[in-house]
Participant: 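Mind having a look at this structure? Questions to follow.
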Amino acid sequence: MKEMIRIEPFEDRWAPDFKRLNETWLETYFEVEPVDEEMLSNPRTYYLDKGGFIYFALLNEQVIGCYALIKSAADCFELSKMAVDTAFQGRHTGHLLVQHAIAIAKEKGANLLQLYSHSKLGAAIHLYRKFGFVEIPVGNSIYKRSDIKMEKILTS
């Protein structure tokens, strides 16, 4: 029987996994900036209490991925802190997380979903484009590493 990945909303018991997955990803490609450390150490304060959401990809009962939605306007979320455990990459977990994020943003009334990334992350940029995200001017970002901003219009 094939193991199924399921996506579940934030639970406090998974907060250390949120931090671990994202710190591992950041340390692999960039560095953990002070803003990242603050956000990852206080996910309830920085995401949930401000109208955002955090979701986890689980295989059996093991957390293998995550993402967050930051409420950035009444009708807009920022897709943030998406990471997949390196031991579980290649199972289309990233695809599932992006699909889920789009569905949740729509369900919560958003007309727009945005994200910040970096041009050296070719696989991630390809994934976002596959789901209809288009590049827009970066503007001001709280992350030093961001050199790309993308958005997806959720209304048809």
Participant: Which pair of non-hydrogen atoms, one from Asp36 and one from Glu31, has the smallest distance, and what is that distance?
Facilitator: OD2-O, 4.0 Å

Participant: Would you check, one step at a time, whether the test side-chain contact (heavy atoms from CB on, under 4.5 Å) holds for Phe18 with Phe56?
Facilitator: CA-CA 8 Å; Phe18 183 67; Phe56 295 89; 3.8 Å; yes

Participant: Apply ring-ring contact (aromatic ring centres under 6.0 Å, His included) to Phe10 and list each qualifying residue two or more places apart in sequence or on a separate chain.
Facilitator: none

Participant: Distance check, rounded to the nearest 0.5 Å: Ile7 atom CD1 versus Leu58 atom CG?
Facilitator: 9.5 Å

Participant: Please determine whether side-chain contact (heavy atoms from CB on, under 4.5 Å) holds for the pair Lys152 and Val134, giving the CA-CA distance in whole Å, both sets of side-chain angles, and the decisive distance to 0.1 Å.
Facilitator: CA-CA 6 Å; Lys152 176 177 177 61; Val134 295; over 6 Å; no

Participant: To the nearest 0.5 Å, how far apart are CG in Leu40 and CG in Leu21?
Facilitator: 10.0 Å

Participant: Are the side chains of Cys76 and Gln114 in contact, using a 4.5 Å heavy-atom criterion?
Facilitator: yes

Participant: Between Asp147 and Lys120, is a salt bridge (Lys or Arg N to Asp or Glu O under 4.0 Å) present by the stated rule, with each step listed?
Facilitator: CA-CA 9 Å; Asp147 70 353; Lys120 78 176 183 180; over 6 Å; no

Participant: Between Leu127 and Met82, is any pair of side-chain heavy atoms under 4.5 Å apart?
Facilitator: yes

Participant: In Å and rounded to the nearest 0.5 Å, what is the CG to OH distance from Asn42 to Tyr47?
Facilitator: 10.5 Å

Participant: Let me confirm one number: the OG-CG distance from Ser72 to Leu113, rounded to the nearest 0.5 Å.
Facilitator: 8.5 Å

Participant: Between Leu69 and Ala101, what is the shortest heavy-atom contact and its length?
Facilitator: CD1-O, 4.1 Å

Participant: Nearest 0.5 Å please: distance from the CD1 atom of Ile54 over to the OG atom of Ser80.
Facilitator: 9.0 Å

Participant: What distance do Leu112 atom CG and Lys106 atom NZ have between them, rounded to the nearest 0.5 Å?
Facilitator: 12.5 Å

Participant: Show the nearest heavy-atom pair for residues Ile148 and Ser119, with the distance to one decimal.
Facilitator: CD1-CA, 3.5 Å

Participant: Can a donor-acceptor pair be found, under 3.5 Å and without considering hydrogens, that links the side chain of Glu27 to the backbone of Val32?
Facilitator: no

Participant: Where do Val138 and Tyr116 come nearest, in terms of heavy atoms and distance?
Facilitator: O-CE2, 3.7 Å

Participant: Evaluate the criterion side-chain contact (heavy atoms from CB on, under 4.5 Å) for residue pair Tyr128 and Glu151; output intermediate values, then yes/no.
Facilitator: CA-CA 9 Å; Tyr128 301 139; Glu151 70 179 17; over 6 Å; no

Participant: Do Arg129 and Glu135 touch side chain to side chain, with heavy atoms closer than 4.5 Å?
Facilitator: yes

Participant: Going by the rule ring-ring contact (aromatic ring centres under 6.0 Å, His included), which residues pair with Phe30 if we only count those two or more places apart in sequence or in a different chain?
Facilitator: Trp25, His118

Participant: Please check if Val35 and Tyr46 belong to a single hydrophobic cluster, counting links between Ile, Leu, Val, Met, Phe, Trp and Tyr side chain heavy atoms closer than 4.5 Å.
Facilitator: yes

Participant: Please lay out, stage by stage, how Asn111 and Thr155 fare under the test side chain to side chain donor-acceptor pair (under 3.5 Å).
Facilitator: CA-CA 5 Å; Asn111 295 320; Thr155 55; 4.7 Å; no

Participant: Does Arg20 have any salt bridge (charged side-chain N to carboxylate O under 4.0 Å, His left out) partners at least two apart in sequence or in another chain, and if so, which?
Facilitator: Asp17, Asp85

Participant: With a 4.5 Å limit on heavy-atom distance, are the side chains of Ile102 and Phe133 in contact?
Facilitator: yes

Participant: Do Ile5 and Phe131 sit in one hydrophobic cluster, given that two such residues count as connected whenever their side-chain heavy atoms are within less than 4.5 Å of each other, even indirectly?
Facilitator: yes

Participant: If I compare all heavy atoms of Leu97 with all of Ala57, which pair ends up nearest, and what's the gap?
Facilitator: CD2-CB, 4.0 Å

Participant: Got a sec, which residues hit salt bridge (charged side-chain N to carboxylate O under 4.0 Å, His left out) with Arg6, two or more places apart in sequence or on another chain?
Facilitator: Glu8, Glu61

Participant: Is there side-chain contact between Pro43 and Leu48, with at least one heavy-atom pair below 4.5 Å?
Facilitator: no

Participant: Apply side chain to side chain contact (heavy atoms under 4.5 Å, CB included) to Lys71 and list each qualifying residue two or more places apart in sequence or on a separate chain.
Facilitator: Phe77

Participant: Just to verify, what does Tyr67 make a ring-ring contact (aromatic ring centres under 6.0 Å, His included) with, not counting sequence neighbours?
Facilitator: Tyr55, His100

Participant: Measure across Lys19 and Ser41 and return the closest heavy-atom pair with its distance rounded to 0.1 Å.
Facilitator: NZ-OG, 3.0 Å

